[in-house]
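Take a look at the structure set out below.
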Amino acid sequence: MSAAPLVVWQLSDGKRGHERQVEGLLDALATRTPLESHRVMVSGGRLAQLVDWLRGQSHAPPGTPAPRLVLGAGSATELALLAARRAHGSAPRCRAVYLMRPSVPVRCFDACIVPRHDGLGARAKVIESEGTLSPMRPATARDAGLGLILLGGPSAHHDWDEAAVIAQVERIVAAAPTMRWQLSDSRRSPGTLLPALRARLPARVTCVSSRDSAPDWLPTTLARAAVAWVSADSVAMLYETLSAGARLGIIDVPPRRADRISAIASALVARGWAATIGMALPAPVRLAEAARCADALLARWPDLTHGERA
């Protein structure tokens with residue numbers, strides 16, 4: 001008789017950045033123990049989710065097996081995680097893990113995986129990670145002649161100077177005259193950015209709109225690229241590049257204010273993990289934080305790998 005797979009619910013708010021964090025952890029867990037994952041969309045506001053928690057109920061498609069582990073990222077999943085755990089029995093029957101700095105007390109969860117830059121520090125229920133988790137892994141064959149440029153836009157933590165960004169992109173491309181470049185914007189990018197770049201960059205730079213590209217274009221291209229230049233506001237992509245094993249360059253954008261998020265890019269440069277224009281690019285870092293955090297969870301709860309026998 002074989003061990004039944006570990007049933008995991010991925011609670012999702014529909015935001016791709018949050019889903020990728022959970023997918024990174026799920027992928028790592030799946031290489032360590034038999035796994036059966038189910039994506040469950042969260043619904044209702046925090047008040048409705050609080051009522052669900054009080055009633056001990058959760059919302060999943062009919063026939064979804066009861067979870068032993070529920071995972072979520074994004075504030076919309078916080079109370080839904082707690083409601084799902086209560087509905088299916090507290091630990092060790094079911095555990096709730098949140099993959100960000102929560103807005104509710106950490107002690108409400110069985111564990112939180114929190115980026116080190118969020119400053120929670122070492123606690124009993126906190127596993128610190130280097131940046132956000134991601135499912136990115138290096139490709140088996142890297143293309144030494146392929147470079148990637150990833151651009152964001154104005155955010156809560158960064159302003160945006162389009163002329164300065166374009167000037168930096170032109171310098172990057174000119175400094176590597178034999179490199180083939182793929183360039184992409186993001187949902188935050190101003191609509192004027194790509195047309196301006198297409199008009200000024202040489203033919204060896206292919207500009208790809210994030211609105212038109214296939215869902216797997218970015219992770220596939222990033223896994224193969226030898227180098228990636230990422231605008232400083234795109235924090236998740238900075239860490240995805242490090243996880244993908246590409247050499248990381250950072251395109252400067254002005255911070256809106258001095259805070260823990262706007263300081264991330266300069267901290268990566270200070271650690272020798274990234275460079276800005278005019279600096280030599282460092283060797284690849286190859287972060288494997290999803291794997292490390294998966295190991296930490298399984299070491300903390302060894303019963304997760306010893307499910308009921310099938």
Exercise. Run the side-chain contact (heavy atoms from CB on, under 4.5 Å) check on Leu69 and Trp301 step by step: do they pass?
Worked result: CA-CA 11 Å; Leu69 184 65; Trp301 304 318; 4.2 Å; yes
For this session: Evaluate the side-chain hydrogen bond (donor to acceptor under 3.5 Å, both in side chains) criterion for residues Ser129 and Glu289: first the C-alpha distance (whole Å), next the side-chain angles of each, then the deciding distance (0.1 Å), finally the verdict.
Result: CA-CA 6 Å; Ser129 63; Glu289 288 298 277; 5.1 Å; no
Exercise. Can you check side-chain contact (heavy atoms from CB on, under 4.5 Å) on Val230 and Ile251, steps first, answer last?
Worked result: CA-CA 6 Å; Val230 182; Ile251 295 171; over 6 Å; no
Exercise. Should His157 and Asp233 be marked as a side-chain hydrogen bond (donor to acceptor under 3.5 Å, both in side chains) after you check the CA-CA gap, both sets of side-chain angles, and the distance that decides it?
Worked result: CA-CA 7 Å; His157 303 278; Asp233 58 285; over 6 Å; no
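Cluster membership for Ile261 and Ile250, using ILVMFWY side-chain heavy atoms within less than 4.5 angstrom, is shared. Residues Leu248 and Val235 share a single hydrophobic cluster, defined by chaining ILVMFWY side chains whose heavy atoms lie under 4.5 Å apart. With hydrophobic clusters built from ILVMFWY side chains whose heavy atoms lie under 4.5 angstrom apart, Met100 shares a cluster with Val40. Under the 4.5 Å side-chain heavy-atom criterion for ILVMFWY residues, a single connected hydrophobic cluster contains both Val253 and Ile149.
You'll find the side chain of Cys94 stays beyond 4.5 Å of the side chain of Arg86, heavy atoms only. The side-chain heavy atoms of Leu298 and Leu29, taken from C-beta on, include a pair separated by under 4.5 Å. With a 4.5 Å cut-off on side-chain heavy atoms, Leu151 and Val169 count as touching. Looking at Tyr239 and Ser134, their side chains never come closer than 4.5 Å, going by heavy atoms from C-beta outward. Put simply, the side chain of Trp273 reaches to within 4.5 Å of the side chain of Glu130, judged on heavy atoms. Inter-residue side-chain proximity for Arg68 and Leu304 is flagged as met; some heavy-atom pair is nearer than 4.5 Å.
Side-chain atoms of Glu19 and Ser12 include a donor-acceptor pair closer than 3.5 Å.
Across every non-hydrogen atom of Pro154 and Arg256, the tightest pair is CB-NH2, 4.4 Å.
Listed by chain and number, the residues in a salt bridge (Lys or Arg N to Asp or Glu O under 4.0 Å) with Glu162 amount to none (sequence neighbours excluded).
In this structure, CG on Asp110 lies 9.5 Å from CZ on Arg300, to the nearest 0.5 angstrom.
By the 4.0 Å N-to-carboxylate-O rule, Arg95 lies close enough to Asp303 to be salt-bridged with it.
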